[in-house]
Amino acid sequence: MKRTHHCNELRPEHAGHTVTLAGWVHSRRDLGGVLFIDIRDREGRIQTVFDPSDLSPEICNSAASLHSESVIEVVGRVRQRPQGTENPKIATGQVEVLVQGFTVLNHADVLPFPVDDPEVANKVNEELRLKHRYLDLRRPEMARNLRLRSKVATATRVFLDEQGFLEVETPTLFKSTPEGAREFLVPSRVHPGQFYALPQSPQQFKQILMVAGVERYFQLARCYRDEDLRADRQPEFTQVDIEMSFIEREDLYSLIEGLLKRVWKTALGIDLPTPFKRISFEEALNRYGIDKPDSRFGMELVDLTESFRASSFKVFSGAIQNGGVVKAINAKGLACATQGQIETMTEYAKSFGAKGLAFIKVEGGEWKSPIVKFFSDAEKAALKSRLAIEEGDLILFAADQWLNACEILGKIRLYCADVLKAQGKLTLDPQRFDFMWVIEFPLLSFDKEMNRWYSSHHPFTAPVAEDIPLLKSDPKKVRGQHYDVVVNGVELGGGSIRIHQPAVQKTIFEEILQIPAEETQLRFGYMLEAFRYGAPPHGGIALGFDRMIAILCGTTSIRDVIAFPKTAKGACLMTDSPSAVSAKQLRDLHIEVKAARKD
Ligand code: ASP
């Protein structure tokens with residue numbers, strides 16, 4: 001096939017040229033016997049004209065009978081479109097191709113949904129789109145996402161290569177290391193009863209690569225987590241996985257800032273300002289009620305503990321006496337919140353164990369609230385000035401232990417922002433990207449039910465050096481050398497400086513995380529051993545690649561940037577997987593299925 005041009009290329013200067021184009025029938029119009037067919041290929045679209053005065057009746061009939069998305073090749077002459085018929089919406093809108101000859105390369109059946117309608121994503125059930133993903137991916141919006149993904153992958157590789165990184169592939173048939181998310185297991189045929197696990201991340205291999213002297217490693221790594229899926233999760237996803245030796249946190253920050261600067265410039269032409277701001281975990285919680293703040297709008301949490309310490313409103317003073325705090329946010333302009341919206345917010349508070357949600361609506365010059373009558377004049381004055389209360393405001397309170405109070409208001413703050421956005425009272429510039437590093441996370445968190453400590457990030461994260469003496473005496477105070485990179489309220493990635501001394505790592509496993517010595521040996525023995533033979537200090541990070549592409553494409557769903565994603569139930573609707581396997585396959589794998597269920 002001798003295609004001379006792509007469908008996006010022709011311009012008025014090509015007028016008079018004879019060209020050969022190949023692609024799909026995007027759309028068709030019949031104007032009094034003259035047939036206009038827009039042909040689309042990967043690069044774009046162009047109008048072709050089938051004029052019965054130039055062509056045989058067979059050709060005209062054959063063209064007229066084509067369904068959308070049939071594959072054709074046309075030979076024709078480029079000409080300037082007659083005045084008034086130009087289409088400014090497409091790059092080739094000044095010209096058209098007068099068809100001289102044409103071949104049907106393949107007929108398409110009637111489509112399950114139209115490919116040429118830009119509103120398809122809103123009109124057509126996503127399951128239908130996923131079942132016929134090859135059609136969905138033909139839509140220019142999806143094709144653009146795939147292209148951008150490829151461009152960003154290349155930019156990432158080029159940048160990291162320039163910085164001296166080696167791309168190393170690590171195994172996807174790994175060993176089960178149950179911690180964090182549930183794993184996908186792969187039965188071994190040659191080792192009856194034994195299983196590989198698909199890696200949740202290449203964490204251990206990349207650390208071993210540092211022991212192996214690689215110094216700078218990266219990989220666009222496929223990772224697997226068998227979790228109940230939420231809107232923005234997939235059972236398999238891609239991370240830009242990075243590890244470096246002989247570094248400190250600062251080195252990592254500047255590397256990632258440089259990488260993201262390159263990516264944003266390549267993908268969107270935007271110059272990201274660097275360095276990114278930094279905020280401690282504690283400050284993030286105090287001000288935004290979340291460890292991945294969206295700082296594009298205010299509505300920050302205000303601490304009112306001192307103002308209500310001696311309040312006669314017992315819900316507040318009682319919480320403070322129990323070691324808690326009183327915090328509030330001012331959702332400006334939301335005094336109009338409906339009963340239903342207040343109930344939704346109350347449910348958030350209750351999901352954190354609060355009994356209810358205290359609020360004040362400022363309407364008609366009045367503070368409308370069942371609790372205001374309990375406040376003294378001094379308390380009211382403090383509220384008014386600390387929260388800058390004005391007509392139309394909605395004040396929401398949380399009185400609880402510090403973390404709970406912060407998290408309740410953090411959730412409510414985001415909900416209020418969504419309501420304000422829907423009402424047109426809050427507009428966020430889609431070209432604005434508020435990057436920040438969230439740092440100084442606690443190394444350990446306490447699991448009340450299990451009555452033990454667990455790693456806030458993962459067990460390989462190094463404690464801040466000066467906090468190491470507190471590990472056994474006051475674990476809660478130990479800060480980890482962990483960092484997250486956050487943009488517009490989305491955690492784009494996270495990593496840490498790692499423990500490289502085998503003795504410290506063993507203490508963390510056995511004494512702090514209380515993993516029995518034999519289990520530590522079984523699960524991590526090879527790592528502890530490797531560390532005894534000269535492990536350099538090292539650290540790294542993983543960036544969520546799908547999430548990054550979704551942000552760059554301006555979509556909220558990572559399914560829109562993955563060629564063949566799974567549904568929320570982990571199914572691929574196109575290939576119909578997962579699927580049952582034959583009795584012989586199961587026998588070979590020494591597997592017996594007790595209950596085969598098909599939902
Ligand atoms: N392996 C970690 C993760 O997947 C990232 C890292 O610490 O580099 O979250």
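Atoms within each ligand, like the ligands themselves, are counted from 1 in listed order.
- The salt bridge (charged side-chain N to carboxylate O under 4.0 Å, His left out) contacts involving residues 191-209 comprise Lys206-Asp241, Lys206-Glu243, where partners must be two or more places apart or lie in separate chains.
- If you check the side chains of Asp271 and Trp264, you find no donor sitting under 3.5 Å from an acceptor.
- Closer than 4.0 angstrom to ligand 1 lie heavy atoms from Ser201, Gln203, Lys206, Arg225, Gln239, His457, His458, Gly494, Gly495, Arg498, Gly540, Ile541, Ala542.
- Residues meeting the side-chain contact (heavy atoms from CB on, under 4.5 Å) test with Leu137, sequence neighbours left out: Arg133, Met142, Leu146, Ala563, Phe564.
- Phe509 has its ring centre less than 6.0 Å from the ring centre of Phe524.
- Under the 6.0 Å cut-off for aromatic ring centres, Phe174 and Phe205 qualify, their centroids lying closer than that.
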Name the atoms and distances for all side-chain donor-acceptor pairs under 3.5 Å in residues 218-225, with sequence neighbours left out.
from   : atom 1 : to     : atom 2 : distance (Å)
Gln219 : OE1    : Thr170 : N      : 3.1
Gln219 : NE2    : Val168 : O      : 3.4
Gln219 : NE2    : Thr170 : OG1    : 2.9
Gln219 : NE2    : Tyr217 : OH     : 2.8
Arg222 : NE     : Thr238 : OG1    : 3.4
Arg222 : NH1    : Glu236 : OE1    : 2.8
Arg225 : NE     : Gln200 : O      : 3.3
Arg225 : NH2    : Gln200 : O      : 3.1

